[in-house]
2 protein chains.
Amino acid sequence: MTETIEAFLGRGRKATINDVARLAGVSKKTVSRVINNSPSVHARTRDDIAEIITRVGFRPDPQARGLAFRRALLIGLIYDNPNAQYIVNMQMGALDRLRGSGIELVVHPCTWHSETFLSELRDFLESQRPSGVIVLPPIAEDRQLLDLLEELNVPRVRVTARTSGDGNAAIGREIVSCDDIGCAEAGAHVAGLGHRRIGYIGGNPDYPSAHVRRHGFETGLAAHGAAIAPDLDEPGNYSFESGYAAARRLLRRPDRPTAIICANDEMAAGAYKAAFEADLRIPGDLTLIGFDDAPIADRLSPPLTTVRLPTRDMARMAADLLVSRPATADQTMTVPSALIVRGSSGAPKAGL
Amino acid sequence: MTETIEAFLGRGRKATINDVARLAGVSKKTVSRVINNSPSVHARTRDDIAEIITRVGFRPDPQARGLAFRRALLIGLIYDNPNAQYIVNMQMGALDRLRGSGIELVVHPCTWHSETFLSELRDFLESQRPSGVIVLPPIAEDRQLLDLLEELNVPRVRVTARTSGDGNAAIGREIVSCDDIGCAEAGAHVAGLGHRRIGYIGGNPDYPSAHVRRHGFETGLAAHGAAIAPDLDEPGNYSFESGYAAARRLLRRPDRPTAIICANDEMAAGAYKAAFEADLRIPGDLTLIGFDDAPIADRLSPPLTTVRLPTRDMARMAADLLVSRPATADQTMTVPSALIVRGSSGAPKAGL
DNA sequence: TAGCTTTATGACACCGGTTACCATATTATA
DNA sequence: TATAATATGGTAACCGGTGTCATAAAGCTA
């Protein structure tokens with residue numbers, strides 16, 4: 001039978017829906033129904049067609065489907081700060097879900113606050129008409145972007161630090177976020193080790209994540225009767241340089257902290273640099289805590305105690321929301337963060 | 001006139017080639033010629049049509065074009081080891097070139113040597129029919145993958161460490177590679193600082209890059225009458241762990257090296273860890289050299305002296321080869337590497 | 001068994017472009 | 001001037017699917 005089919009198709013030609021229809025003795029519309037899992041196909045017919053589909057190795061053309069659907073079988077991944085280390089993780093997570101679904105992931109880094117950022121995105125959305133987009137932080141908070149997605153009616157899932165229930169939830173539909181449990185654990189860990197002179201290097205206050213993380217750390221500290229020292233509370237913006245600068249300021253103080261909690265790993269790496277230059281040993285002279293569990297965390301020496309943000313899981317869930325849920329449903333999912341204790345945290349030296 | 005057009009199109013409807021043709025009073029075929037820069041259109045006609053196209057904001061539907069062309073307006077980026085830090089750079093580079101071209105980048109990480117790796121790729125290539133693919137190292141060396149691309153006649157550009165002129169050039173057509181000048185500079189740098197007990201942690205010998213880099217380093221050392229000490233020549237596989245393990249072995253030797261050159265930054269980071277644990281100061285007790293100029297290089301303390309591989313440029317050129325060159329031309333491009341001197345290299349202590 | 005739903009299927013137009021082929025207008029050559 | 005060559009534009013078919021709507025077949029009720 002295989003020879004017949006090959007002869008039928010011709011050498012090297014790929015099977016189309018028409019071929020399947022003719023072989024099955026049905027109309028192409030019925031084959032289309034089978035492809036799209038329409039319930040109104042007789043079980044017998046469906047099985048016959050399915051059998052032929054596998055036999056001839058038919059796979060519907062995404063271009064043609066996209067044209068007819070008026071929606072490309074693509075998911076766009078939109079983000080700024082393309083150099084952030086979590087981007088690759090997020091890509092992997094989304095692809096974990098998309099693999100085998102026939103939907104491809106197209107990456108769309110952009111430059112937030114550039115003049116062309118919105119128009120470029122509009123170009124992409126209008127011409128490609130992706131089936132959906134995943135928007136990563138921090139740009140997931142951009143109001144104009146959300147308005148654009150709303151205007152063009154693009155299914156979307158935002159990944160953000162904002163916990164459910166706050167005001168922002170109304171803006172977009174689907175949101176995947178992360179809780180602050182890991183931060184609380186980290187705060188408890190530091191306080192439990194006996195630290196009392198505790199510094200903090202905060203994230204960019206424009207991003208909700210900065211507040212969520214701080215809140216988590218403070219909660220954990222408070223549970224052990226500790227707190228961020230008001231005079232050791234430094235601003236940062238999530239960059240390596242800002243972490244370095246803030247740590248330098250902290251370590252130059254006469255009454256310097258015995259522990260510094262950083263709102264992300266990049267800034268913690270900056271703090272390593274400041275400690276290195278000040279000839280302070282980690283964790284002997286200084287305990288450091290980060291957030292993200294970025295690849296760099298366990299490359300540092302000693303490896304960094306940090307809070308793991310399950311970026312890959314979050315992106316996988318985001319893709320899942322887009323692919324499997326009805327577009328109308330409002331969905332919010334929250335994943336847990338967790339403390340990872342490594343070598344950068346220890347008890348303060350006696351007398352400090 | 002604008003009102004007329006809006007009325008003509010109807011509220012919110014996007015202009016199609018038919019609209020443009022009707023407004024211009026020509027056939028859609030003529031408009032199609034203009035879109036595709038066909039020479040056989042009267043200059044006057046062309047300008048008229050172009051003017052209308054911009055006025056109504058017409059952008060041809062990539063799905064429809066792809067369907068007719070039998071080739072999606074997509075470029076696939078194929079790579080394994082998705083966690084490598086250069087991946088994001090490569091993505092950015094390819095997008096630098098693709099932006100505004102109407103071609104999207106779809107990412108396709110895969111697991112080399114998994115059983116399904118080739119079939120998954122075939123699925124992608126056969127069903128999506130991308131306009132081309134860029135294959136990143138190390139998988140760019142996979143023979144079966146190249147055969148598959150050849151069989152399916154997919155335009156491709158490989159990014160690889162292999163320099164032009166060697167045997168492998170015959171396998172694929174377009175290749176973007178990097179020279180080993182930076183490695184030679186690094187070798188000269190280390191030798192010039194006065195080091196003579198020089199250790200080496202090599203890359204995975206299965207990858208051509210390992211040989212190219214070693215060759216470059218050795219050349220630079222030799223120019224100053226130095227060489228890798230035969231008893232300090234350790235194998236590695238580009239991973240952090242392998243770098244750590246190799247460095248530990250080197251540093252435990254009674255006659256330990258005063259400098260270690262590593263075939264990439266990840267392994268150099270592992271060497272930092274080994275040095276930290278052995279309580280050796282960098283660069284006072286030990287000079288370390290890396291390769292890649294990965295993000296981690298200047299996050300380490302002290303920042304790592306390394307060889308910059310212009311990953312972003314390479315990917316931009318690869319995309320350019322796919323987009324602008326005739327598919328038949330055999331192209332090979334080579335970009336320069338360069339030494340970046342930072343804080344991890346210094347003169348050996350007297351007496352060592 | 002007639003009459004009415006419900007279910008399964010097919011005919012046909014359509015998504016928005018492109019190519020093949022043909023018709024016509026214009027220019028070049030003898 | 002007649003004729004061939006060239007430039008340009010039009011028509012129809014096609015790429016490979018999906019939507020709408022009509023209709024045939026089957027199931028249910030009375």
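Chain naming here is simple, since letters A, B, ... match the order of the sequence lines and numbering starts at 1 in each. This structure is a prediction, so every number in the text was calculated from the model and none was measured.
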Are [X] and [N] close enough that a side-chain N or O sits under 4.0 Å from OP1 or OP2?
{"X": "A/Thr45", "N": "C/dA8", "answer": "no"}
{"X": "B/Arg46", "N": "D/dT8", "answer": "no"}
{"X": "A/Thr30", "N": "C/dA8", "answer": "no"}
{"X": "A/Arg70", "N": "D/dG19", "answer": "no"}

Scan for salt bridge (Lys or Arg N to Asp or Glu O under 4.0 Å) pairs involving residues 24-43 of chain A, sequence neighbours excluded, and state none if there are none.
none

Tell me which pairs pass salt bridge (Lys or Arg N to Asp or Glu O under 4.0 Å) where either residue lies in residues 62-84 of chain B, with sequence neighbours left out.
none

Does one side chain, of A/Gln91 or B/Gln91, offer a donor that lies under 3.5 Å from an acceptor on the other?
yes

Distance only, no hydrogens: is a donor on one side chain within 3.5 Å (strictly under) of an acceptor on the other, for B/Asp320 and B/Ser324?
yes

If the condition is salt bridge (charged side-chain N to carboxylate O under 4.0 Å, His left out), which residues does B/Arg312 pass it with, not counting sequence neighbours?
B/Asp96

State which residues pass salt bridge (charged side-chain N to carboxylate O under 4.0 Å, His left out) with A/Arg122; sequence neighbours excluded, sorted by chain then number.
A/Glu126, A/Glu151

Any Lys/Arg nitrogen of B/Asp61 or A/Arg129 sitting under 4.0 Å from an Asp/Glu carboxylate oxygen of the other?
yes

Under 4.0 Å from any atom of DNA chain D, heavy atoms only: list the residues of residues 123-132 of chain B that qualify, in numerical order.
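Output list: empty, so none.
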
To the nearest 0.5 Å, how far apart are CG in A/Leu105 and CD1 in A/Ile134?
6.5 Å

Could you give the side-chain donor-acceptor pairs of residues 39-48 of chain A under 3.5 Å, partners two or more places apart or in another chain?
from: A/Ser40; atom 1: OG; to: A/Ser38; atom 2: OG; distance (Å): 3.2

Figure out the [atom1]/[atom2] separation between [X] and [N], and round it to whole Å.
{"X": "B/Asn37", "N": "D/dT8", "atom1": "CG", "atom2": "C1'", "result": "17 Å"}
{"X": "B/Ile49", "N": "D/dG9", "atom1": "CD1", "atom2": "C1'", "result": "10 Å"}
{"X": "A/His42", "N": "C/dT9", "atom1": "NE2", "atom2": "P", "result": "7 Å"}

Any sub-3.5 Å donor-acceptor pair from A/Thr30's side-chain atoms to A/Val26's backbone N or O?
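Flag not set: sc A/Thr30 to bb A/Val26 has no pair under 3.5 Å.
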
Taking five pairs at each terminus, the helix from C/dT1-D/dA30 to C/dA30-D/dT1 shows an axis bend, to 10°, of 30°

Between the protein and nucleotides 17-19 of chain C, are there any N/O to N/O pairs under 3.5 Å, and if so, what are the atom names and distances?
from: C/dG17; atom 1: OP1; to: B/Asp61; atom 2: N; distance (Å): 3.2
from: C/dG17; atom 1: OP2; to: B/Ile17; atom 2: N; distance (Å): 2.7
from: C/dG17; atom 1: O5'; to: B/Asp61; atom 2: N; distance (Å): 3.4
from: C/dG17; atom 1: N7; to: B/Lys28; atom 2: NZ; distance (Å): 2.9
from: C/dG17; atom 1: O6; to: B/Lys28; atom 2: NZ; distance (Å): 3.3
from: C/dT18; atom 1: OP1; to: B/Asn36; atom 2: ND2; distance (Å): 2.7
from: C/dT18; atom 1: OP1; to: B/Arg65; atom 2: NH1; distance (Å): 3.3
from: C/dT18; atom 1: OP2; to: B/Ser32; atom 2: OG; distance (Å): 2.5

Of the nucleotides C/dG10, D/dC15, D/dG10, which one has an atom closest to the side chain of B/Leu67?
D/dC15

Checking B/Phe124 now: which residues fulfil ring-ring contact (aromatic ring centres under 6.0 Å, His included) with it, not counting sequence neighbours?
B/His108

Please name all residues satisfying side-chain contact (heavy atoms from CB on, under 4.5 Å) with A/Asn89, sequence neighbours left out, ordered by chain then number.
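Once residues adjacent in sequence are excluded, the partners of A/Asn89 under the side-chain contact (heavy atoms from CB on, under 4.5 Å) criterion are A/Thr311, B/Asn83.
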
Return a table of donor-acceptor pairs under 3.5 angstrom between the side chains of residues 110-119 of chain B and protein atoms on other chains or two or more places apart.
from: B/Trp112; atom 1: NE1; to: B/Asp142; atom 2: OD1; distance (Å): 2.7
from: B/Ser114; atom 1: OG; to: B/Thr111; atom 2: O; distance (Å): 3.0
from: B/Ser114; atom 1: OG; to: B/Phe117; atom 2: N; distance (Å): 3.2
from: B/Ser119; atom 1: OG; to: B/Thr116; atom 2: O; distance (Å): 3.0

Output a table of nitrogen or oxygen pairs between the protein and nucleotides 23-28 of chain C separated by less than 3.5 Å.
none

